[in-house]
Number of protein chains: 2
Amino acid sequence: MAKTPGSNQDGIHALDFGQLTDLVGYRLRKAQIAAYQAFMTGRDAPGLTPGQVGVLILIDRNPALTQQALSYGIGVDKSTLVATLDRLSERGLIRRVRSSVDRRQNELRLTPKGQRTLTEALAYIDQHERALTARLSDDERATLLALLHKIG
Amino acid sequence: MAKTPGSNQDGIHALDFGQLTDLVGYRLRKAQIAAYQAFMTGRDAPGLTPGQVGVLILIDRNPALTQQALSYGIGVDKSTLVATLDRLSERGLIRRVRSSVDRRQNELRLTPKGQRTLTEALAYIDQHERALTARLSDDERATLLALLHKIG
DNA sequence: TATTGTTATACTCTATAACTATA
DNA sequence: TATAGTTATAGAGTATAACAATA
């Protein structure tokens, strides 16, 4: 039986996406959503968003990082960061330590629990990255990274 | 003068992003944000989000599209779509027309103003796409699309 | 009973502006 | 005066659950 354009027997419509199909912006968004979903639902998912893990990485790699510097680094407003850090703090993963040099500033630190969580999250990231690029060769993955870098 | 790791003369900290730098998920997110920003702030930007333009395209290409089918097609809940369609409707770009076949359904249509807006938006998209991939050759752009397709 | 669209509600992400405590 | 962090507030995006109209 020929498939009627626009519908099938399940009543699920196969939409015409027109010019959307081959737009970098659109494909970027689709890929990003897929990556996010996979990250959140994968086996051994750390119960943290990719953004939260990113914050843990940055705190780990940059001793005495202030909220201001972190805000600038990840490109979100300092006020936006407050709730994110509150959540990580409530979960016992980070601490805000008042700077003794300039008492307006907080120096961000991982707690021991945060360190352990980060170690596990990094292992998970490796696994996730392999799953995400499972259909790509090593060369293709490198090419993709280079091309994305040119756009971002 | 050698640059001290972690800071420079402006007091702007060059953060260590660690393993983040070469993760597909992270680069995807960065590229997507850059694409979105460029779309919204470019010359001749249509005053619509990429998502809104996408909805206009889908309505244009799929006659008698229902909210249900659109919801399924773009992968958002039907309740989420309501506010989006309200906004497009308030701006006079689309109409909801009660189906005479099944009066529970709305058939979505572009208004004449919506048609004109879409025509302009499509021209803008071409311009935006060229700007976004300005640093890529035609081959590289095609490669990027193919690789993104494998992930999304 | 089931489906379509709407509403009520809630949570996240985002920003701007005003506040506080420090500098 | 200016800066670091917080709070108040607001808007967009997302979802689930319950509802009215219709099938």
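Computed from a prediction, not measured in an experiment: that's the story for all the values here. All chains are named by letter (A, B, ...) in the order of the sequence lines, taking the proteins before the strands, and each is independently numbered beginning at 1.
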When you match B/I33 and B/D86 each to their closest nucleotide on DNA chain C, which lands nearer the 5' end?
B/D86
Could you give the OH-to-P distance, from A/Y72 to D/dT3, as a whole number of Å?
15 Å
In whole angstrom, what separates B/Q105's CD from D/dA21's C1'?
13 Å
Within less than 4.0 Å of OP1 or OP2 of D/dA23, is there a side-chain N or O belonging to B/R103?
yes
Roughly how many Å is it from CG in A/L81 to C1' in C/dT12, rounded to a whole number?
15 Å
Could you check which of D/dG13, D/dG5, C/dT7 has an atom nearest any side-chain atom of B/S79?
C/dT7
Between A/E129 and A/R141 (salt bridge meaning N to carboxylate O under 4.0 Å), is one present in this structure?
yes
With a 4.0 Å cutoff (strictly under), does any side-chain N or O of A/Q67 reach OP1 or OP2 of D/dT6?
yes
If I take atom CD in residue A/Q32 and atom P in nucleotide D/dT14, what distance separates them, rounded to the nearest angstrom?
12 Å
Against the side chain of A/R104, the closest entry in D/dT3, D/dT14, D/dG5 is D/dT3
Report yes or no: do A/D77 and A/S79 form a side-chain donor-acceptor pair below 3.5 Å?
yes
How do B/Q52 and B/K78 order along DNA chain D: which one's closest nucleotide is nearer the 5' end?
B/Q52
With the side chain of B/T66 defined as its heavy atoms from C-beta on, choose the nearest nucleotide among D/dT6, C/dG5, D/dT22.
C/dG5
Interatomic distance where CE belongs to B/M40 and P belongs to D/dG11 [whole Å]
16 Å
Would you mind reading off the distance between A/L70 atom CG and D/dT6 atom P, rounded to a whole angstrom?
12 Å
Side chains of B/R43 and B/Q127: do they bring a donor and an acceptor to under 3.5 Å?
no
Under 4.0 Å, counting only non-hydrogen atoms across every strand here, what does B/N106 touch: a base, just sugar-phosphate, or nothing?
sugar-phosphate
B/T80 side chain N/O closer than 4.0 Å to the phosphate oxygens (OP1, OP2) of D/dA15?
yes
Would you say C/dC13 has OP1 or OP2 under 4.0 Å from some side-chain N or O of A/R87?
yes
When you look at CZ of A/R27, are more than 12 heavy atoms from neighbouring residues, nucleotides or ligands closer to it than 6.0 Å?
yes
Classify the nucleic acid contact of B/T84 as base, sugar-phosphate or nothing, counting any heavy atom under 4.0 Å across all strands shown.
nothing
Whether B/R98 contacts C/dG5 is assessed here as follows: a side-chain N or O lying under 4.0 Å from the phosphate OP1 or OP2. Is that the case?
no
Among the candidates D/dT6, C/dT6, D/dA23, find the nucleotide nearest to the side-chain atoms of B/D102.
D/dA23
Could you label the plane-to-plane angle of the A/F39 and A/Y124 rings as parallel, tilted or perpendicular, counting under 30° as parallel and over 60° as perpendicular?
perpendicular
Value in whole Å for how far the C1' atom of D/dT6 lies from CG of A/L108:
14 Å
Using heavy-atom distances to pick each residue's nearest nucleotide on DNA chain C, tell me which of B/E107 and A/Y36 is more 5'.
B/E107
How many Å lie between CG on B/D77 and C1' on C/dT3, as a whole number?
14 Å
Atom CG of A/D138: over 12 foreign heavy atoms under 6.0 Å
no
